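Written out below as structure tokens is the structure these notes cover.
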Number of protein chains: 2
Amino acid sequence: MDEMMLQKCIDAGLRMTSQREAIAQALDQSYDHPDAELLYERTNKIDSTISLATIYRTLGVFERAGLVQKVDVGDGKSHYETARDQHEHLVDTENGQIHEFKSEELTALLSQIADKMGFELTSHKLEVYGKKHGDVSCRCIQIKVY
Amino acid sequence: MDEMMLQKCIDAGLRMTSQREAIAQALDQSYDHPDAELLYERTNKIDSTISLATIYRTLGVFERAGLVQKVDVGDGKSHYETARDQHEHLVDTENGQIHEFKSEELTALLSQIADKMGFELTSHKLEVYGKKHGDVSCRCIQIKVY
DNA sequence: GTAGATGCAAATCTTTTGCTCGCCC
DNA sequence: GGGCGAGCAAAAGATTTGCATCTAC
């Protein structure tokens with residue numbers, strides 16, 4: 001459960017250096033959506049010789065290889081998460097916390113709309129913003145909260 | 001059809017300077033999603049004494065007043081559009097063109113999901129990416145293409 | 001051995017800000 | 001008149017890049 005990224009990198013045919021391994025490991029241990037700076041700090045706890053430039057360059061490589069994805073949280077920085085199955089982000093406008101959810105209905109709808117517009121859907125980015133109900137009556141459909 | 005922004009600014013109680021009027025006019029004439037730099041160029045054709053700093057500051061003011069909205073096109077810059085009724089963006093991955101569409105079903109779905117997660121939906125950002133079908137059989141449901 | 005990766009520092013790019021002066025209400 | 005807006009230039013913050021060096025394959 002901890003070597004996922006490393007294995008994916010190898011499978012993707014990437015040249016693995018000690019730095020990339022450290023970054024991969026830091027990503028494996030990141031269950032949130034760190035930006036480059038935060039990932040830099042986490043990676044440095046594993047291998048303190050890594051530079052921020054390498055973090056950026058490696059994230060670019062990983063992204064192009066489809067191993068990580070950018071998430072736009074709306075704070076001006078690029079955040080990253082390891083590529084997993086399709087899911088969406090709901091941002092709590094009061095504290096910036098990100099809640100994840102999945103909705104097949106949503107993806108189906110998007111693909112249907114794109115289709116009607118003459119396009120083949122390749123991907124989408126969605127961030128939903130909301131604030132907690134006063135009455136937290138009902139909870140969760142298929143959510144992971146990190 | 002050309003004084004819309006100006007009127008909205010006045011209605012919003014904003015102090016109108018010649019610069020703000022020029023920016024408002026440039027926005028009225030922008031049927032796409034310009035970034036600050038592009039809007040700066042357009043505004044300068046109307047009044048060449050405007051600085052880029054004023055563009056940024058004014059866009060901030062307009063945004064806070066709900067008159068314009070940021071659009072994240074994924075190129076690292078902030079793009080803007082005049083606030084209109086809710087609509088979504090489909091980005092043609094092959095040429096970067098933005099197609100707009102509306103879907104009540106979508107907004108209803110999102111609000112329903114947020115609700116089930118214990119949140120009150122305040123807003124959302126969505127960009128759909130796709131490429132044109134080989135066969136452009138069907139077209140448009142409720143789309144405006146600028 | 002060699003193409004590709006890294007570190008460091010400088011460069012770039014977008015956006016923000018301090019300060020002084022000018023103009024709208 | 002007083003406060004808010006504008007211009008200019010410098011600052012700030014995120015990300016990229018040039019170059020010399022090192023390393024995985």
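Just so it is clear: chains get the letters A, B, ... in the order the sequence lines come, proteins before strands, and each one is counted from 1. Nothing here was measured: the structure is a model prediction, and the numbers come from that model.
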All N/O pairs under 3.5 Å across the protein-nucleotides 15-17 of chain C interface:
from, atom 1, to, atom 2, distance (Å)
C:dT15, OP1, B:Ser78, N, 2.8
C:dT15, OP1, B:Ser78, OG, 3.3
C:dT15, OP2, B:Tyr56, OH, 2.3
C:dT15, O5', B:Tyr56, OH, 3.3

Test: salt bridge (Lys or Arg N to Asp or Glu O under 4.0 Å). Region: residues 10-26 of chain A. Which pairs qualify, not counting sequence neighbours? none
Can you sort out the partners of B:His79 under ring-ring contact (aromatic ring centres under 6.0 Å, His included), two or more places apart, ordered by chain and number? none
Considering residues at least two apart in sequence or located in another chain, which fulfil the ring-ring contact (aromatic ring centres under 6.0 Å, His included) criterion with A:His124? none
Hey, can you pull the residues of residues 16-23 of chain A with a non-hydrogen atom under 4.0 angstrom from DNA chain D? A:Met16
For DNA chain D, please output the secondary structure as dot-bracket, reading 5' to 3'. Pairs are Watson-Crick or G-U wobble, both atom distances under 3.5 Å; mark crossing pairs with [ ], other-strand partners with |, unpaired with a dot. |||||||||||||||||||||||||
side-chain contact (heavy atoms from CB on, under 4.5 Å) filter on B:Ile46, not counting sequence neighbours, yields B:Ala22, B:Gln25, B:Ala26, B:Gln29
Please list, chain by chain and in numerical order, all residues satisfying side-chain contact (heavy atoms from CB on, under 4.5 Å) with B:Ser111, sequence neighbours excluded. B:Leu121
Test of understanding: with side chain to side chain donor-acceptor pair (under 3.5 Å), list the residues that count as partners of [X], not counting sequence neighbours.
{"X": "B:Lys45", "result": "none"}
{"X": "B:Thr49", "result": "B:Asp47"}
{"X": "B:Ser78", "result": "none"}

Name every donor-acceptor pair, under 3.5 Å, that has one atom in a side chain of residues 53-66 of chain B and the other anywhere in the protein, sequence neighbours excluded.
from, atom 1, to, atom 2, distance (Å)
B:Thr54, OG1, B:Ser51, OG, 3.2
B:Thr58, OG1, B:Thr54, O, 2.7

